[in-house]
Amino acid sequence: AEADELWHEALAMLRTRIESGPLASAKLVLHVAFWAEFYRQDDDLKRFPDRIRFHPVPRAPESVAEHNAMLKRYHEAFVNAFPNAIVVAPPEKHRVGDAAHAWGLSPHHYITDYYRSFRELFNAQGLVL
């Protein structure tokens, strides 16, 4: 709860800073990303455990569902703070972890189709990536 409160306070500070500074006319882009519930390993689709520890530093395992609920709240808060932000949300069907990802298996290291989809959606907004 404390981290959540701090995040929302920081969002308000970010909004103030952006609106009053040289970035006031910048295009803001929100990448709506969630943790994958499944991952691909070779030709198999497997489910991540309900609670997973993937950070290299010792931490308590985190729930994919709880983390996604938090991300959803944060995405909504960001859009409320920046209603003109460009929202890029790759389709859920591509939200699949990749056991062969260059940075290792994690709920936010996706299959290639996810990144391809992101690029297409980003470029469709008239932006170049």
Side-chain angles (χ1 to χ4, degrees):
E2 183 180 350
D4 197 61
E5 183 179 331
L6 288 171
W7 189 92
H8 283 87
E9 289 174 9
L11 177 63
M13 291 169 49
L14 177 65
R15 180 179 176 179
T16 299
R17 185 153 190 176
I18 286 176
E19 289 178 345
S20 65
L23 294 176
S25 63
K27 290 181 183 179
L28 298 180
V29 178
L30 172 62
H31 174 196
V32 175
F34 293 97
W35 280 8
E37 295 179 33
F38 297 91
Y39 65 95
R40 183 160 311 283
Q41 185 170 30
D42 300 320
D43 290 330
D44 294 329
L45 193 62
K46 300 178 179 184
R47 180 181 280 281
F48 278 109
D50 180 49
R51 300 190 80 73
I52 185 168
R53 180 187 304 163
F54 69 91
H55 295 282
V57 295
R59 288 178 58 166
E62 299 177 75
S63 163
V64 171
E66 290 171 12
H67 197 83
N68 282 341
M70 178 195 70
L71 289 170
K72 184 175 190 269
R73 291 190 311 273
Y74 289 174
H75 295 148
E76 290 169 354
F78 187 91
V79 170
N80 286 333
F82 300 101
N84 295 324
I86 297 168
V87 176
V88 179
E92 186 175 347
K93 69 180 180 179
H94 297 311
R95 191 186 329 135
V96 176
D98 184 358
H101 194 282
W103 298 331
L105 179 61
S106 172
H108 56 80
H109 294 163
Y110 310 107
I111 59 174
T112 302
D113 285 344
Y114 182 92
Y115 301 108
R116 186 176 295 120
S117 174
F118 177 89
R119 177 183 292 246
E120 290 169 1
L121 292 167
F122 189 83
N123 291 344
Q125 296 289 331
L127 305 170
V128 178
L129 180 64

**Q** Distance-only criterion, 3.5 Å: show the donor-acceptor pairs between side-chain atoms of residues 115-129 and protein atoms not counting sequence neighbours.
**A**
from: Y115; atom 1: OH; to: H101; atom 2: NE2; distance (Å): 3.1
from: Y115; atom 1: OH; to: Y110; atom 2: N; distance (Å): 3.0
from: R116; atom 1: NH1; to: D113; atom 2: OD1; distance (Å): 2.6
from: R119; atom 1: NH1; to: L129; atom 2: O; distance (Å): 2.8
from: N123; atom 1: OD1; to: L129; atom 2: N; distance (Å): 3.3
from: N123; atom 1: ND2; to: R119; atom 2: O; distance (Å): 3.4

**Q** Considering residues at least two apart in sequence or located in another chain, which fulfil the side chain to side chain contact (heavy atoms under 4.5 Å, CB included) criterion with H75?
**A** L30, V32, F34, L71

**Q** If the condition is side chain to side chain contact (heavy atoms under 4.5 Å, CB included), which residues does E9 pass it with, not counting sequence neighbours?
**A** E5, L6

**Q** Please identify each residue that fulfils side chain to side chain donor-acceptor pair (under 3.5 Å) with H94, with sequence neighbours left out.
**A** none

**Q** I need the minimum non-hydrogen distance between Y74 and A3, along with the two atoms involved.
**A** OH-O, 4.3 Å

**Q** Is the shortest side-chain heavy-atom distance between F82 and V87 below 4.5 Å?
**A** no

**Q** Closest heavy-atom contact between H67 and W35?
**A** CD2-CE2, 3.1 Å

**Q** Within the distance-only criterion (no hydrogens, no angle test), does the side chain of D42 pair as donor or acceptor with the backbone N or O of D44 below 3.5 angstrom?
**A** no

**Q** In terms of ring plane angle, is the pair F48 and Y39 parallel, tilted or perpendicular, where the classes change at 30° and 60°?
**A** tilted

**Q** Suppose we screen for side chain to side chain contact (heavy atoms under 4.5 Å, CB included). Which residues come up paired with E76, at least two apart in sequence or across chains?
**A** K72

**Q** Kindly compute the distance separating NZ (K93) from OH (Y114), expressed to the nearest 0.5 Å.
**A** 14.0 Å

**Q** Looking only at heavy atoms, what is the nearest atom pair of G97 and I111, with distance?
**A** O-CG2, 3.6 Å

**Q** If a pair satisfies side-chain hydrogen bond (donor to acceptor under 3.5 Å, both in side chains) and one of its residues is in residues 17-28, list it, with sequence neighbours excluded.
**A** R15-E19

**Q** Once rounded to the nearest 0.5 Å, what's the spacing between atom CD of E66 and atom CZ of R51?
**A** 5.0 Å

